Structures are given as C-alpha cells and as structure tokens.
There are 2 protein chains.
Amino acid sequence: MTPAPRKPASASSGPSRRFARFEDLPIAVAVDVALVTAEAGQLHALLVRPTAPEAGGDWALPGGFVDPSESVDAAAERVLAAKAGIEDVFLEQLYTFGAVERDPRTRVVSVAYYALVERARLGAVLQADRRLAPLSVPWEGEAGGRVEALDEKGRALPLAFDHADILGLVVKRLRGKLRYAPIGFELLPDRFPLRALQEIHETVLGRPLNKHSFRRSVLASGLVASANRREKTVGHRPAELYRFQASKPRKDR
Amino acid sequence: MTPAPRKPASASSGPSRRFARFEDLPIAVAVDVALVTAEAGQLHALLVRPTAPEAGGDWALPGGFVDPSESVDAAAERVLAAKAGIEDVFLEQLYTFGAVERDPRTRVVSVAYYALVERARLGAVLQADRRLAPLSVPWEGEAGGRVEALDEKGRALPLAFDHADILGLVVKRLRGKLRYAPIGFELLPDRFPLRALQEIHETVLGRPLNKHSFRRSVLASGLVASANRREKTVGHRPAELYRFQASKPRKDR
DNA sequence: TCGACATATATGCGTCAAGCAACTAAGTGT
DNA sequence: ACACTTAGTTGCTTGACGCATATATGTCGA
C-alpha cells in the first residue's frame, strides 16, 4: 500500500524506549478531509500537493494533526477552513484508518472525514497548489472499490498514503447514504431543477435512473418545494426550479 | 456528560509544555468494543466494572489503549480476546469519539468497535466482574437515540464516559445495516429456524415484521439454505432448520 | 386411537412503489 | 408554420410487501 521504509519511525527512535504515562504513547492523531463535489456527471475531490516532499510529492487530501485542545471534529473543520477556505458545509466523519504503516514516517492514526459542497463555492480555492481532481469511480459491485484521481489528461494521479482507500470509502458511503438521506441537496445550489438533482444521484450511484420514478419519489418525499420560478434556457422549455425543504411530512417507516 | 474534573490532565501537567515532535502530542488512542448479542427479544451488551475507580466505578465497555506496534483493528481484537475471551467474530469499526473532555482524566480519542456473537458463545465470560446487560433501546425515530443498560431489576446502570452514546450508535448502525447486510446470522447458531432469524430482526429493528413477507424475502435472497433437518419441539410442529449460505444468486441491484 | 392444541408453512389477494414507453408542453430558431 | 430540444405527464406492467386465511405436522391428554 505504501512504498519504501517498512519499520515505523517509533521503533527506530529507540526500540526499548518506555513511556511513563499513557498520554505519552507515540501515536499521532490526524484528520484527513475529502472535499467532494459533483460536476458534469463526475465526482471531484480537492487535492493538495504537500509543500514538503515527505509524502513523496504525491497529491494528498487536505489534512493535519489534531491539537490536544480541540476535538477531532473541530480539527476537521479547522483543516477544511485553513486549506480550502470552506466553512459551514456538510461535514461528517467517515472512518478511522489505523494501520501501523500507513504513514511510513511514523505512527499516525487518521480520522477521515468527507465534506460535500456545491461546485460554485470552490471557485476561490482552485489555485496552483490545489486542484479539484475528477475521480474515476468503479462500478458499484466491483471488488475493492478503489478510486483513482485523474489529471486533465485522464491519467491517474499518485496519491499519498492510503488516500485512495479513503476516496473509495467516500464513494461507498455516498452511495449507501443516498438511499435514505437527502445528501444530494448538499451538492446543489439553493434553487435547482429536478433534472440537476437526478444527475447528482446518477453520478453518485454510477447508473442511470428512471425519470418518472425519480421525479415521483422526490416529489412524494416532501423534501422539495417549488420555488415558483423557472430556469433560463436557450432553445427549449425551461424547467421549474425547486428548493430543499427540511420538513418530511411522510407517515412513517 | 461527565462529572467533576473539567480540565484535561495534559494541561495540568504543564500549560506551556512543548512537544518537539508531533508523535509526542499527548493524545492517547484507545479502542472500546461493544460486544452485542440478542436474547429473548432484547439486545444485550457486555459490560465490565473497571478495577480502578478512575471512571467513578461506572460500568464500561471493554476497552484499552492502542499499542504503537499494533493496528487499531488489532487492538480491538486484542481487547475483545483479553476481556471477553472471544475471537473470530464479526467485528467492525463503528465511529471515533474525539471530544476533548470525554475522559475527564486526560485526552483520549477512542475508536469504537462493535462485535456480534451468538449468546451461547458468551457462557464462559459472564462472571462476577463482567455482565451481559440488556439494553433499553429507544424507538427508531426517537430523538437522540440514547441507549441505557439495565440491571436485573430494570434500573439503568451508570455508564462511564460516553459509552451510552456508543451503545446508541451501535443500535442505529445495526438498524441501518440490517437493511442490506446479512448481520442477523452473526447472532444465531449454525442451524436455526426462520422464526429465530425473524425474532433477531424484530429485536434489532424494534418493531414486528410480517411473517409471510419476511420468509418470502429471506428465502428469495438465496442467503439461506435448508439444512434438511428439523428442530426438536415439545408440543407442536417442528420448524425446518436453515443455515447461512454466503452465495447471493440474485440478478443485481 | 382420536381429537385438541400449538406452531410451521403455503395460498390468495389487494395495495403500493418503481420501471418502460409514449405522449403532451413550452420554449428557441429557421 | 414547423423543426428541434428539453420538461413534464399519462397509462400500463411488474414485483415487493402486507393482511387474512387455510393447510400441515408434531405432541399430548381423554
């Protein structure tokens, strides 16, 4: 999974070193955040190139160590704000990666998060050092579900550590969550045509959905309300715009 | 959420203490394992009384600190084997609890796991210091979903730290997972009547299921196969016994 | 030995959600 | 006026699920 040095750094710093108190155990706690959006039928994630060549110069998810005075959740928010300038978005813990040698330098346990944001909010972030890379998402049933990040020519970008695994799990989580949670709205602007929501779902699930069925179920869910407005189009009938509505007036289940 | 001392121990050991290397950051990494089984229509979890009165003498989930030389997953397995004598069971990461003051003594980030096992495998474990406590499981839609552990008289046992939150999340996870994963079999012996599987599902979901529908969907799933055997009963028709079958010969979806 | 009893298993049918296809609606441009 | 494109609707079919009821298979007691 990771190249080169195999022994953890803690071992090389003294095999018989003892720690008087458990809070001195040399395990660093970090967070990695996958900032995901959808555009043109593909999922995209924000990647940064580490300034230091420690990770082999590979592209990486924004991340950082957890400060002892902050909660792990707060660390994820801080990282997202510092490295992407993004606040107040859907941010949820994904999974904790605790393999011994996931970082060849030293022992790091990383709590991975994923955030969802509409594409338009990322404009200011996309600079030289930071990029929004499209993800090559494998078919749902495929073994492993390993996800690659692609550059502008469709080549796979080398990802640091186990960050490809993290992205793979993000996609799995999104697919599972879409079945019962309204996460599609996180990737859309305030007002949107139903077709855009369907495209989001199809992008996440990786398969086409029936227009009538989708429309029927979304409207019946009570999660959307008409904005009494229409989109501006250039050669065809404009679609009605909807907005997300938190209330969920279904009977039960 | 937790009583008494509010300041983390790291602060009291020197407010301006610096750490030369990030691996000396004073955050301890621990695992807590909820060992869950089902019996008589109720979920049960294994609780231990800490030998030291550090946690206020409250009942707690089996847990321990992660050793720098082992993965977090391995630590969970080790804790389960050491404190419950249980190996080779369904064991899955649940969530990582990272609030600053979840343990009033010092900063501990805990990776929670849950394990499923059939009741019969727990026999040797239930001793004076360890107990299998029934869980009072709130109704699905209920706010918070906080779960209590009950003693033999139905009174709520005081639980250490945020362990009640962990148990609440276990129940939520089980309910969600039951929809698409065959976790019911983990709680049953090798051969079982379908009625027992339905009882497991009803216990986890907290609501009755239609017998015909349940039977139909389970048999259609291809996950069970007849064991060509019947249970031994004492006054009525015996049920056919089934066994879990890994293959899943459905077309898709 | 036979019938009451309890639980298992099957049958029939109504309801509802989802899928497929074809149709109508509302814009722009020639 | 008519072609073109996308939006939205209608009708029908299929399949999953729920409820009620009937039949099956064992034990047990009169």
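Keep in mind that this is a model prediction, so the values were computed, not measured. Hydrogens, waters and symmetry mates play no part in the numbers below; they use all other heavy atoms, side chains included. Lettering follows sequence order; numbering is per chain, from 1.
- A cation-pi geometry, defined here as NZ or CZ lying under 6.0 Å from the six-membered ring centre and within 45° of its normal, does not hold between B:Arg191 and B:Phe244.
- In this structure, A:Leu219 places its CG atom 15 Å from C1' of C:dA18, rounding to the nearest Å.
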Stepwise side chain to side chain contact (heavy atoms under 4.5 Å, CB included) check, A:Phe192 with A:Ile200: CA-CA 11 Å; A:Phe192 54 87; A:Ile200 295 287; over 6 Å; no
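- Side chain of B:Arg195, nearest nucleotide from C:dA8, D:dA7, D:dG8: C:dA8.
- No option in B:Leu169, B:Val111, B:Val109 other than B:Leu169 meets the side chain to side chain contact (heavy atoms under 4.5 Å, CB included) test with B:Phe97.
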In a table with atom names and distances, give each donor-acceptor pair under 3.5 Å that connects a side chain of residues 84-95 of chain A to protein atoms at least two apart or in another chain.
{"unit_1": "A:Glu92", "atom_1": "OE1", "unit_2": "A:Tyr114", "atom_2": "OH", "d": "2.8"}
{"unit_1": "A:Glu92", "atom_1": "OE1", "unit_2": "A:Lys177", "atom_2": "NZ", "d": "2.8"}
{"unit_1": "A:Glu92", "atom_1": "OE2", "unit_2": "A:Lys177", "atom_2": "NZ", "d": "2.7"}
{"unit_1": "A:Gln93", "atom_1": "OE1", "unit_2": "B:Thr96", "atom_2": "N", "d": "2.8"}
{"unit_1": "A:Gln93", "atom_1": "NE2", "unit_2": "B:Thr96", "atom_2": "O", "d": "2.9"}

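- Of the side-chain N and O atoms in B:Asn210, one or more sit less than 4.0 angstrom from OP1 or OP2 of D:dC19.
- Atom pair B:Arg207:CZ and D:dC17:P shows a separation of 11 Å (rounding to whole Å applied).
- Atom CZ of B:Arg179 is separated from atom P of D:dC17 by 13 Å (rounded to the nearest Å).
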Per-nucleotide protein contact string for nucleotides 22-30 of chain C (B base, S sugar-phosphate only, - none; heavy atom under 4.0 Å): ---BBBS--
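- Whole-Å rounding puts the B:Lys232 NZ to D:dT27 P distance at 12 Å.
- If you measure from atom CG of A:Leu241 to atom P of D:dA7, you get 11 Å, rounded to the nearest angstrom.
- Atom OH of B:Tyr242 and atom P of C:dA8 are 12 Å apart (whole Å).
- Rounded to whole angstrom, the span from the CG atom of B:Leu197 across to the P atom of C:dT9 amounts to 13 Å.
- The CG-C1' distance, from B:Leu209 to D:dC19, rounds to 14 Å in whole Å.
- Residue A:Arg216 places a side-chain atom within donor-acceptor reach of the base of C:dA18, judged by atom type and a 3.5 Å distance cut-off alone.
- If you run side chain to side chain contact (heavy atoms under 4.5 Å, CB included) between A:Tyr113 and each of A:Leu35, A:Val72, A:Leu61, A:Val170, only A:Val72 comes through.
- In this structure B:Ser217 satisfies the side chain to side chain contact (heavy atoms under 4.5 Å, CB included) test with no other residue, sequence neighbours excluded.
- Within 4.0 Å (heavy atoms only), B:Arg215 reaches sugar-phosphate atoms of the nucleic acid but no base atom.
- Evaluation of the salt bridge (Lys or Arg N to Asp or Glu O under 4.0 Å) test over residues 32-48 of chain B, restricted to residues two or more places apart or in two chains, returns B:Asp32-B:Arg102, B:Glu39-B:Arg119.
- With sequence neighbours excluded, the residues forming a ring-ring contact (aromatic ring centres under 6.0 Å, His included) with B:Phe214 are B:His201, listed by chain and number.
- Side-chain atoms of B:Glu118 and B:Thr37 include no donor-acceptor pair closer than 3.5 Å.
- At a cut-off of 3.5 angstrom, counting only N and O atoms as typed in the model, there is a donor on one side and an acceptor on the other between the side-chain of A:His212 and the base of C:dC20.
- Five base pairs at each end of the helix from C:dT1-D:dA30 to C:dT30-D:dA1 define two local axes, and these are offset by 20° (rounded to 10°).
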